Colleague: 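Once you've had a glance at the structure underneath, I'll fire off some questions.
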Amino acid sequence: MDRKAFIAMLNKDLADEHASIVRYLIHAYQVGESTPFGQMLLSTAREEMWHMDWLGNELGEMGEEPEMAQGVYPYDGTSNASLLRSYVEWEEGLIKMYDQQAAQVEEPALKRILHQLGWESITHKRRFESWLEKLGPEGEKPFEGEVGDLSPHLVGKFHKEVDAQYRLVLQHLRHAFVLEDASCPASSELELTAMRHMKNLSHFAEELIDSGEELPFRYPGVDGSRDVAAALSADLRLTTEAQERFILLSQDPEVARHPDLKIEIDNLVTRNGLLATMLHELAESAERGATSEPEPESETDAKPAHGGFTVGSLKEH
Ligand SMILES: [Fe+2]
Ligand SMILES: [Fe+2]
């Protein structure tokens with residue numbers, strides 16, 4: 001396989017794992033995250049996040065651009081059972097695909113990852129089959145349209161917030177993947193931050209689903225910087241904008257009438273404030289590193305994508 005086809009293959013896998021995450025998360029929100037069925041979906045989504053992470057990091061280490069838009073996950077959304085049957089079919093396809101891919105790949109680390117993705121897809125398939133049996137005829141009951149008590153004003157704001165948090169998740173992940181190549185200390189921090197934005201997103205997504213809303217999870221586009229300082233400043237900008245919106249939401253009189261929602265949004269204000277401070281400090285370190293440790297001007301030495309940003313520059317304070 002030539003390099004171009006190989007990268008396209010890994011990017012297709014990445015997009016498929018991404019689609020799996022979104023599908024299982026939406027379903028978990030739909031049935032309730034605290035139900036045993038919802039818990040199973042959430043934990044499966046979490047495993048798909050690791051899969052996405054492994055693939056994205058591999059692409060980043062190779063200096064390639066990761067595909068951040070999700071693939072197409074076909075499903076029948078009539079009932080829990082029809083969804084589970086779609087999932088079994090999807091995971092079956094992945095089992096075969098990863099098996100073929102692992103056989104084609106020489107590089108041992110990547111071969112191991114592809115094998116693992118295949119084995120975990122077998123687990124997912126078995127898990128879904130077991131739940132299909134467990135739910136029995138009850139699982140076939142078509143979903144009923146939910147009617148929520150949020151005003152169109154708040155529904156609109158929450159949709160905007162789901163989109164914005166999704167963008168933050170994807171942008172942080174992309175930066176974590178491409179900076180992986182430079183063993184940049186910000187990379188793992190950005191990965192964790194992506195997870196925190198995922199949690200932020202879930203508060204709004206659950207409210208919307210309870211109000212009978214569809215969640216389109218359209219690809220929002222993300223910052224394409226390969227330089228750590230530029231990447232961090234783009235992340236900081238989005239985080240600061242989110243902070244301003246969270247503060248306004250926490251003061252919204254309609255939010256005040258929903259005590260549980262108010263508790264979560266107040267928490268988002270403080271959590272997001274912490275994320276902004278952390279990004280700000282990382283960005284400052286990156287800038288200091290870039291000015292105090294100029295890279296040698298050489299055409300043969302490839303410049304690291306992180307400028308002069310080193311572990312040492314982070315440990316200065
Ligand atoms: Fe997976
Ligand atoms: Fe899976």
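Small disclaimer: the values here were computed from a predicted structure and weren't measured. For ligands, and for the atoms within them, numbers begin at 1 and follow the listed sequence.
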Colleague: Using the test salt bridge (charged side-chain N to carboxylate O under 4.0 Å, His left out), find all partners of E140 that sit at least two apart in sequence or belong to another chain.
Modeller: R85
Colleague: Within less than 2.8 Å, report the number of protein N/O/S atoms around the Fe ion (ligand 1).
Modeller: 4
Colleague: Could you tell me how the ring of H124 sits relative to the ring of H51: parallel (under 30°), tilted (30 to 60°) or perpendicular (over 60°)?
Modeller: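 The rings of H124 and H51 lie parallel, inter-plane angle below 30°.
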Colleague: What pairs of residues pass the ring pair (Phe, Tyr, Trp, His ring centres under 6.0 Å) test when at least one of them lies in residues 78-97, not counting sequence neighbours?
Modeller: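 Of all non-adjacent pairs touching residues 78-97, those that pass ring pair (Phe, Tyr, Trp, His ring centres under 6.0 Å) are Y24-Y87, H27-Y87, Y73-Y87, Y73-W90, Y87-F128.
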Colleague: Less than 4.5 Å apart, side chain to side chain, heavy atoms only: is that true for S250 and D266?
Modeller: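 Result yes, sub-4.5 Å side-chain heavy-atom pair found.
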Colleague: For H172, run the side-chain contact (heavy atoms from CB on, under 4.5 Å) check against L275, L238, D235 and tell me which one passes.
Modeller: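 The option that passes is D235.
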Colleague: Report the residues that fulfil salt bridge (charged side-chain N to carboxylate O under 4.0 Å, His left out) with E17, sequence neighbours left out, ordered by chain and then residue number.
Modeller: none
